[in-house]
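Accompanying notes for the structure given below.
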Amino acid sequence: MTESHVEHLAKAERMLRQAQGLNSADAPESVIHLAYYAMFHAATAVLLRHRDQAALTHSGLIGAFGQFAKGRGESARQQGRALNRAEDLRLHSDYGVSYRDLAEAAAKVREEARAFIDFCTSVANE
């Protein structure tokens with residue numbers, strides 16, 4: 001059974017709500033992880049809706065979303081860059097041990113995730 005874009009958007013919203021329920025100073029890695037995966041599912045929804053398929057890897061998804069965004073104006077390209085930054089931050093927070101400035105980064109990526117999901121929801125409902 002293939003998951004629909006609607007299911008991915010719903011999962012994106014659930015994951016973002018979970019991230020919003022956490023204090024970014026106390027649990028920055030968790031906030032970053034949840035915010036990135038919320039964005040991942042929102043991007044998957046857009047690709048399923050407009051291309052009938054999503055990518056199989058994180059880098060594939062980010063590249064496919066970037067290609068999709070390229071033809072949709074500067075706002076869409078900014079959202080593509082936000083997804084790329086979120087993945088970089090997630091990798092750093094998952095595998096790195098440095099805690100410095102992570103709380104501030106977590107709060108910022110959570111804000112960017114909200115804007116990203118709003119953008120993806122709008123595009124997926126076109």
Side-chain angles (χ1 to χ4, degrees):
M1 179 180 203
T2 302
E3 296 172 339
S4 74
H5 76 281
V6 174
E7 292 169 309
H8 281 279
L9 286 173
K11 185 161 188 161
E13 288 291 348
R14 282 193 313 274
M15 295 186 93
L16 183 58
R17 274 195 311 275
Q18 292 171 33
Q20 290 169 332
L22 296 172
N23 182 316
S24 61
D26 293 337
E29 293 92 348
S30 296
V31 169
I32 291 165
H33 184 87
L34 286 164
Y36 167 72
Y37 276 102
M39 294 169 81
F40 175 91
H41 283 284
T44 297
V46 167
L47 295 176
L48 285 173
R49 173 70 173 88
H50 289 280
R51 295 197 172 167
D52 294 324
Q53 66 180 14
L56 299 176
T57 65
H58 291 269
S59 61
L61 177 94
I62 291 167
F65 188 85
Q67 288 298 314
F68 173 82
K70 192 182 282 186
R72 297 188 69 92
E74 182 56 29
S75 177
R77 288 191 297 276
Q78 287 175 357
Q79 295 304 327
R81 289 189 292 271
L83 177 60
N84 202 350
R85 284 191 306 273
E87 194 217 13
D88 288 346
L89 185 57
R90 185 203 50 99
L91 290 171
H92 171 71
S93 75
D94 283 355
Y95 300 107
V97 293
S98 174
Y99 194 75
R100 194 171 117 155
D101 299 327
L102 215 47
E104 186 177 322
K108 181 173 175 148
V109 75
R110 184 171 49 201
E111 289 175 21
E112 289 181 344
R114 175 73 274 158
F116 185 86
I117 292 168
D118 290 346
F119 170 79
C120 289
T121 299
S122 175
V123 170
N125 289 326
E126 289 178 346

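These values consider heavy atoms only, across backbone and side chains, with no hydrogens, waters or symmetry-generated copies.
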Show the nearest heavy-atom pair for residues [X] and [Y], with the distance to one decimal.
X	Y	answer
Leu48	Ala54	CD2-N, 3.8 Å
Thr57	Gly60	OG1-N, 2.9 Å
Ala76	Phe119	CB-CZ, 3.6 Å

**Item:** Sequence-distant partners of Ala25, side chain to side chain contact (heavy atoms under 4.5 Å, CB included), two or more places apart
**Value:** Asn23, Ala103
**Prompt:** Atom OG of Ser4 and atom CZ of Arg49: how far apart are they, to the nearest 0.5 Å?
**Reply:** 11.0 Å
**Asked** What is the distance from atom OG of Ser30 to atom CD of Gln18, rounded to the nearest 0.5 Å?
**Response** 10.0 Å
Side-chain heavy atoms nearer than 4.5 Å, only ILVMFWY residues, links allowed to pass through others: does that put [X] and [Y] together?
X	Y	result
Val31	Leu16	no
Phe116	Ile62	yes
Ile117	Leu47	no
Leu61	Val123	yes

**Message:** Once ring-ring contact (aromatic ring centres under 6.0 Å, His included) is applied, do any residues pair with Phe68, and if so which ones, sequence neighbours excluded?
**Reply:** His50
**Asked** Can you name the residues that form a ring-ring contact (aromatic ring centres under 6.0 Å, His included) with His5, not counting sequence neighbours?
**Response** none
**Listed once per pair and sorted, the salt bridge (charged side-chain N to carboxylate O under 4.0 Å, His left out) pairs that draw on residues 35-47, sequence neighbours left out** = none
**Message:** For Ala69, is there any backbone N or O sitting under 3.5 Å from a side-chain donor or acceptor partner on Arg77?
**Reply:** no
Not counting sequence neighbours, which residues clear side-chain hydrogen bond (donor to acceptor under 3.5 Å, both in side chains) with [X]? List them please.
X	answer
Arg72	Glu126
Arg17	none
Asn125	none
Arg51	none

**Asked** Hey, what else clusters with Val6 if you join Ile, Leu, Val, Met, Phe, Trp, Tyr whenever side-chain heavy atoms sit under 4.5 Å?
**Response** none
**Prompt:** Going by the side chain to side chain donor-acceptor pair (under 3.5 Å) test, which pairs reach into residues 107-124, not counting sequence neighbours?
**Reply:** Glu13-Arg114, Arg85-Glu112, Arg114-Asp118
**Item:** Sequence-distant partners of Asp94, salt bridge (Lys or Arg N to Asp or Glu O under 4.0 Å), two or more places apart
**Value:** Arg90
**Request:** Could you check if a side-chain atom of Lys11 sits within less than 4.5 angstrom of a side-chain atom of Glu7, using non-hydrogen atoms only?
**Result:** no
**Message:** Take a 6.0 Å sphere around CD of Gln78 and say whether it holds more than 12 heavy atoms from other residues, nucleotides or ligands.
**Reply:** yes
Ignoring hydrogens and angles, write down the donor-acceptor pairs under 3.5 Å from the side chains of residues 32-46, residues two or more places apart or on other chains.
from	atom 1	to	atom 2	distance (Å)
Tyr36	OH	His58	ND1	2.6
His41	ND1	His8	ND1	2.9
Thr44	OG1	Phe40	O	2.9

